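To start, the structure itself, in structure tokens.
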Number of protein chains: 2
Amino acid sequence: MNISRASDYAIRGLVYMAKQPAGTVCYVKDIAKNTNSPASFMSKIFQTLAKSGIIDSFIGTKGGFTFNARPEDITIKKVVEIIDGPIVLNRCVVNKSSCQNAGNCDVHFMWADIQKMLTKALSSYSIADFATDKKGNMLPEAVQ
Amino acid sequence: MNISRASDYAIRGLVYMAKQPAGTVCYVKDIAKNTNSPASFMSKIFQTLAKSGIIDSFIGTKGGFTFNARPEDITIKKVVEIIDGPIVLNRCVVNKSSCQNAGNCDVHFMWADIQKMLTKALSSYSIADFATDKKGNMLPEAVQ
DNA sequence: CTAAATAAGATATGAATTATCTTTATTATT
DNA sequence: AATAATAAAGATAATTCATATCTTATTTAG
Ligand code: SF4
Ligand code: SF4
């Protein structure tokens with residue numbers, strides 16, 4: 001019941017990118033240094049982010065990464081799902097038929113409710129929300 | 001970002017127990033059969049639940065498990081934490097000093113908020129809530 | 001054309017999850 | 001009392017996942 005280190009790094013790496021002037025090409029080395037994360041691992045993570053399409057990658061000298069989507073359109077839910085895979089609190093919540101008990105399970109409805117609440121919360125924040133130095137006061141109201 | 005199979009089994013096993021007349025001694029074999037879960041795995045899980053103190057165990061013929069707490073006092077959060085360990089969405093949310101970035105991290109507050117919401121939701125349901133056959137209508141109002 | 005810089009891809013390690021197998025304790029039966 | 005049956009406790013195993021590092025390929029600069 002937690003996000004991975006990789007997702008934490010990914011989010012903060014993207015926030016770092018979003019803080020740079022629009023269009024800046026960012027290197028993993030810089031991103032890693034500025035987010036206090038292992039560069040080699042970050043490299044792998046940004047490779048995955050690039051494959052997903054939310055950022056573009058350029059190989060070779062003067063290569064690096066740029067946004068391919070507006071930071072305000074990249075939700076935290078999206079980033080976590082790219083890195084950790086779909087958010088599925090319990091196997092039944094996305095695909096009811098994935099559990100043969102789902103038809104007469106007392107508990108199913110709870111997981112479905114909590115899943116909805118969680119994904120709603122994660123969708124309510126975007127990378128752009130954290131890309132200001134005015135810490136805290138740019139955050140959306142805490143979801144109940 | 002999910003609960004383990006073990007927690008799912010534990011919750012449903014305890015719900016099955018709560019459906020029996022108060023004081024009934026339940027066997028893993030029965031619990032497993034009635035919850036459609038692997039008995040050997042369930043045995044391990046109930047061993048852990050017993051160690052936590054929420055149920056009592058009796059070894060040998062006519063042994064088994066009984067509640068040592070009222071089902072209405074056993075929250076889903078408690079069960080998940082016994083089986084999966086503490087719910088910690090991101091390392092900073094419980095112990096801020098566990099991350100050296102926490103002092104100037106833009107994202108920390110989001111995780112703290114979502115953690116609070118999630119644990120509140122998981123605490124709002126108890127085993128007793130699911131121990132009726134009137135499916136669904138005994139559930140607490142979905143937390144926002 | 002060579003060297004440097006950079007991401008992409010392959011490989012490795014350790015921990016966690018998901019179990020099963022074996023042992024021990026208790027009770028019932030002979 | 002000895003033995004067999006029953007049930008949980010404890011030990012072990014297989015697989016998957018998280019968290020990386022190491023090597024290769026690509027591009028640009030000099
Ligand atoms: S909560 Fe019920 S429906 Fe969902 S996975 Fe568990 S048993 Fe299946
Ligand atoms: S969100 Fe910020 S404070 Fe929390 S673990 Fe990640 S870097 Fe540390």
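First the proteins, then the strands, lettered A, B, ... as listed; each starts at 1. Just so we're clear, the structure is a prediction, and the values are computed from it rather than from any experiment.
- When rounded to the nearest whole Å, the span between CE of Met1(A) and P of dA16(C) equals 17 Å.
- Taking CD1 of Ile83(A) as the reference point, atom OG of Ser52(A) lies at 7.5 Å (rounded to 0.5 Å).
- No contact: Phe46(A) has no heavy atom under 4.0 Å from any strand.
- The pair Asp106(B)-Lys19(A) meets the salt-bridge criterion, with a side-chain N (NZ, NE, NH1 or NH2) lying under 4.0 Å from an Asp/Glu carboxylate O.
- Considering only side-chain N and O atoms, Tyr9(B) lies under 4.0 angstrom from the phosphate OP1 or OP2 of dA19(C).
- Cluster membership check: Val28(B) does not share its hydrophobic cluster with Phe58(B), using side-chain heavy-atom separations under 4.5 Å among Ile, Leu, Val, Met, Phe, Trp and Tyr.
- Put simply, Lys29(B) has no side-chain N or O that comes within less than 4.0 Å of OP1 or OP2 on dA8(D).
- In the hydrophobic clustering of ILVMFWY residues, with side-chain heavy atoms under 4.5 Å counting as a link, Tyr27(A) and Tyr16(A) come out apart.
- The separation between Leu49(A) atom CG and dA8(C) atom C1' is 14 Å, rounded to whole Å.
- One atom, CD of Gln47(B), and another, P of dT12(D), lie 14 Å apart when rounded to the nearest Å.
- Separating the CZ atom of Arg91(B) from the P atom of dA18(D) is a distance of 15 Å, rounded to the nearest angstrom.
- For the atom pair Met110(A) CE and Leu89(A) CG, the distance stands at 8.5 Å (nearest 0.5 Å).
- Taking the side chain as every heavy atom from C-beta outward, Asn2(A) and Asn90(B) never approach each other to under 4.5 Å.
- Ring planes of Phe130(B) and Tyr125(B): parallel class, angle under 30° (limits at 30 and 60°).
- Criterion: ILVMFWY side-chain heavy atoms under 4.5 Å apart, direct or through other members. Under it, Val94(B) and Ile114(B) are part of a common hydrophobic cluster.
- Atoms CD1 (Ile3(B)) and C1' (dT17(C)) sit 13 Å apart, rounded to a whole Å.
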Taking only N/O atoms, report every protein-nucleotides 21-23 of chain D pair under 3.5 Å with atom names and distance.
from, atom 1, to, atom 2, distance (Å)
dT21(D), OP2, Ser40(A), OG, 2.5

Tabulate atom names and distances for all N/O pairs under 3.5 angstrom spanning the protein and nucleotides 25-29 of chain D.
from, atom 1, to, atom 2, distance (Å)
dT27(D), O2, Thr61(A), N, 3.1
dT27(D), O2, Thr61(A), OG1, 3.4

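- dA8(C) atom P lies 15 Å from atom OH of Tyr27(A), rounded to whole Å.
- When the C1' atoms of four end pairs are superposed on the next four at each end of the helix from dC1(C)-dG30(D) to dT30(C)-dA1(D), using five pairs per end, the two resulting axes differ in direction by 20°, to 10°.
- Cation-pi contact between Arg12(A) and Tyr9(A): absent, since separation from the ring centre below 6.0 Å together with deviation from the ring axis within 45° is not met.
- Taken from OG in Ser126(B) to CZ in Arg70(B), the straight-line distance is 9.5 Å, to the nearest 0.5 Å.
- Taking CE of Met1(B) as the start and CD of Glu81(A) as the end, the distance is 9.0 Å to the nearest 0.5 Å.
- The interatomic distance linking Asp30(B) (CG) with dA8(D) (P) rounds to 9 Å, in whole Å.
- The distance from atom CG of Asn2(B) to atom P of dT16(D) is 16 Å, rounded to the nearest whole Å.
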